[in-house]
There are 2 protein chains.
Amino acid sequence: MSYTYEYPHPAVTADICIFSIREGTLKVLLIQRLIDPFKDCWAIPGGFIKMDEDLVIGAARELEEETGVSGVPLEQLGAYGAPDRDPRERVITVAFMALVPSDQMVLAAATDAADAQWFDMDELPALAFDHATILADARARLADKVTNRVTETAKSAFQFLPQKFTLAQAQAVFETLKGEPLDKRNFRKWIAANWDLVDLKEKTSGGRHRPAALYSVDF
Amino acid sequence: MSYTYEYPHPAVTADICIFSIREGTLKVLLIQRLIDPFKDCWAIPGGFIKMDEDLVIGAARELEEETGVSGVPLEQLGAYGAPDRDPRERVITVAFMALVPSDQMVLAAATDAADAQWFDMDELPALAFDHATILADARARLADKVTNRVTETAKSAFQFLPQKFTLAQAQAVFETLKGEPLDKRNFRKWIAANWDLVDLKEKTSGGRHRPAALYSVDF
DNA sequence: ATGTATGGTGTAAAGTTCACACACTGACAG
DNA sequence: CTGTCAGTGTGTGAACTTTACACCATACAT
């Protein structure tokens, strides 16, 4: 089967930056490419858009196919289309990003992916294509969104916390996402002002220190 | 000549929202399509990306071809790719925007454009494809950029002013771009704080009112 | 002289951001 | 039982930003 056009057409892919927090650090989901170009190289998941699917649907499909991750709300980052970004042919990619909890997530590499793993954002391997650029843009956008407005992206930050959490735990999550330390008192004022925290009147115990109050959040 | 691929490929276009101010109101540059689909319908300029050109280069080229407008710094807005947005075949478009002065600009419709005209943003005709959506997104982004940070976009606002301008003229420009009235005193404080205004020690004359001081701006 | 149309000016209140230091308490060790 | 450790919890002031708001000045026309 082949497809013929009167004029040349580029291929169009979707690539997806999936961020999560694991072991207290910001991670990104990468796949190891099974095929050339950049065979065996790590890359952000993605693949070709089908002719009858919307961009974001295609991105979600590729993500699930390659990594087993599904049901995440993707936000468009932009299009990347340098003529030589793919050695095979002209490929224009539309990048998406999302922030997801990953604790109970099972990664299942498939399709074009030999492997799918979480990588520490501070220890990235060499990446295929222009994925390093895309990922850097996504990282910057993530830091921007998380603490500025109360958006869906910011909501998803709470998924890295247990149902009952301490304010110190919450601060650690937001610091990880933002990539910089936050002032304790100012953080507590911010979270109280911007989110509906419920004081559970319970305390942690077991630490070699003063117990911390536990909270949950209502949206 | 034809081009054959093993898998189907979408066409990729760039579409460009060019804003300007004319006669004190915000205008957008539209072209009248010469060919189907949407023949004779108005649309934002744009066209197919060539295989060896970057997205923004292609956008600039299409803009010049269809309207005669060149040399404008385009900013990417995002990709639009609903499967049915073009009745011919799958077409994914990458949208760009810019704000340009238009007084000495000569519009020259060519290529796929029967005509190129400035339209008042408040009196838009029916637009081809999903261009109404794209244009609405661009309008929102424009208002955002102009008064918030001192960006390239904001700089270009001064191009709608003569070399020597009054603060009232400047306020009118920024109000038009932002789409809402601004407080006179607060605007004057803002512009003085954010831009390097030079007091020319000259005054307007001839109005049936008190003369206004003239300024120029240094970047 | 008067009317009219636009130019030009300052201040206070509210809100936001940022920096910053010390006492509290439970667990554990001795 | 006592001391130390380690993380918890709390408030204020300064700087800055944002917003609201009203009146006199000046040139021209009549």
Side-chain angles (χ1 to χ4, degrees), chain A residues 23-24 143-151 154 160-217, chain B residues 23-24 143-151 154 160-217:
Chain A
E23 299 143 27
D144 234 43
K145 303 211 78 154
V146 162
T147 34
N148 286 347
R149 305 146 232 263
V150 176
T151 60
F160 301 112
L161 292 168
Q163 280 285 330
K164 304 175 178 187
F165 56 87
T166 69
L167 296 183
Q169 289 173 321
Q171 182 174 346
V173 166
F174 279 89
E175 283 177 335
T176 301
L177 295 174
K178 201 151 172 65
E180 61 187 22
L182 302 172
D183 176 84
K184 180 161 56 165
R185 278 171 292 188
N186 292 340
F187 174 76
R188 283 165 189 242
K189 271 181 290 187
W190 175 82
I191 197 170
N194 290 283
W195 301 93
D196 187 7
L197 292 185
V198 183
D199 184 344
L200 298 173
K201 313 284 186 196
E202 295 179 61
K203 302 216 168 257
T204 54
S205 64
R208 187 178 173 176
H209 53 75
R210 177 176 174 182
L214 288 167
Y215 295 85
S216 65
V217 66
Chain B
E23 300 145 25
D144 234 42
K145 302 211 79 155
V146 164
T147 35
N148 285 347
R149 305 146 233 261
V150 176
T151 60
F160 300 113
L161 292 168
Q163 278 286 330
K164 304 173 179 187
F165 55 86
T166 68
L167 295 182
Q169 289 174 322
Q171 183 174 344
V173 166
F174 280 88
E175 283 177 335
T176 301
L177 294 173
K178 202 152 171 66
E180 60 187 23
L182 303 172
D183 177 83
K184 181 161 55 164
R185 280 171 291 190
N186 292 339
F187 173 76
R188 283 163 189 242
K189 271 180 292 189
W190 175 82
I191 196 170
N194 290 283
W195 302 92
D196 187 6
L197 292 185
V198 182
D199 184 344
L200 298 173
K201 313 286 185 194
E202 295 179 62
K203 302 219 168 257
T204 54
S205 66
R208 184 178 174 169
H209 52 76
R210 177 175 175 181
L214 287 168
Y215 295 85
S216 67
V217 67

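Residue numbers begin at 1 in each chain, while the letters A, B, ... track the order of the sequences.
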Expressed as a whole number of angstroms, how long is the span from A:Ile191:CD1 to D:dT8:P? 14 Å
Whichever of B:Arg208 and A:Arg208 has the more 5' nearest nucleotide on DNA chain C, that residue is B:Arg208
Tell me: CZ of A:Phe187 to C1' of D:dG9, nearest whole Å? 14 Å
Length of the line joining B:Lys184:NZ and C:dG7:P, which is rounded to integer Å: 7 Å
In whole Å, I'd like the distance from the CG atom of B:Asp183 to the C1' atom of D:dC23. 14 Å
Can you tell me how far P of D:dT8 sits from CG of A:Asp199, to the nearest Å? 15 Å
Measuring from the side chain of B:Pro211 (C-beta onward, heavy atoms only), which nucleotide among C:dA19, D:dT26, C:dT9 has the closest atom? D:dT26
Report the relative orientation of the aromatic rings in A:Trp195 and A:Trp190; use parallel for angles under 30°, tilted for 30 to 60°, perpendicular for over 60°. perpendicular
Please pick, from C:dT25, C:dG7, D:dT12, the nucleotide with the shortest atom-to-atom distance to any side-chain atom of A:Lys189. D:dT12
Assign each of B:Trp190 and B:Ser205 the nucleotide of DNA chain D bearing its closest heavy atom; nearer the 5' end lies the nucleotide of B:Trp190
Measure distances between side-chain N and O atoms of B:Arg210 and base N and O atoms of C:dG7, and say whether any donor-acceptor pair falls under 3.5 Å. yes
Nearest-angstrom distance from the residue atom CG of B:Asn186 to P of C:dA12: 15 Å
B:Lys178 and B:Thr147: side-chain hydrogen bond (donor to acceptor under 3.5 Å, both in side chains), yes or no, with the steps? CA-CA 7 Å; B:Lys178 202 152 171 66; B:Thr147 35; 3.1 Å; yes
Tell me, which of residues 166-174 of chain A have any heavy atom that sits under 4.0 Å from an atom in DNA chain C? none
Which one, C:dG7, D:dT8, D:dA20, comes nearest to the side chain of B:Arg188? C:dG7
Side chain of A:Glu175, backbone of A:Leu182: donor and acceptor closer than 3.5 Å? yes
Under a 3.5 Å distance rule, please check whether A:Gln169 uses its side chain to pair with a backbone N or O of A:Leu161 as donor and acceptor. no
Give the rounded distance in Å between these two atoms: CG of A:Leu182 and C1' of C:dT17. 13 Å
Would you call A:Leu167 and A:Leu197 a side-chain contact if the rule is heavy atoms closer than 4.5 Å? yes
With respect to the side chain of A:His209, which nucleotide from D:dA25, D:dA6, C:dA21 is positioned closest? D:dA6
For B:Arg185 and C:dT11, give me the distance from atom CZ to atom P, rounded to whole Å. 11 Å
Check: A:Pro211 main-chain N/O paired with A:Thr204 side-chain donor or acceptor under 3.5 Å: no
B:Thr166 side chain vs B:Ala213 backbone, donor-acceptor pair below 3.5 Å: no
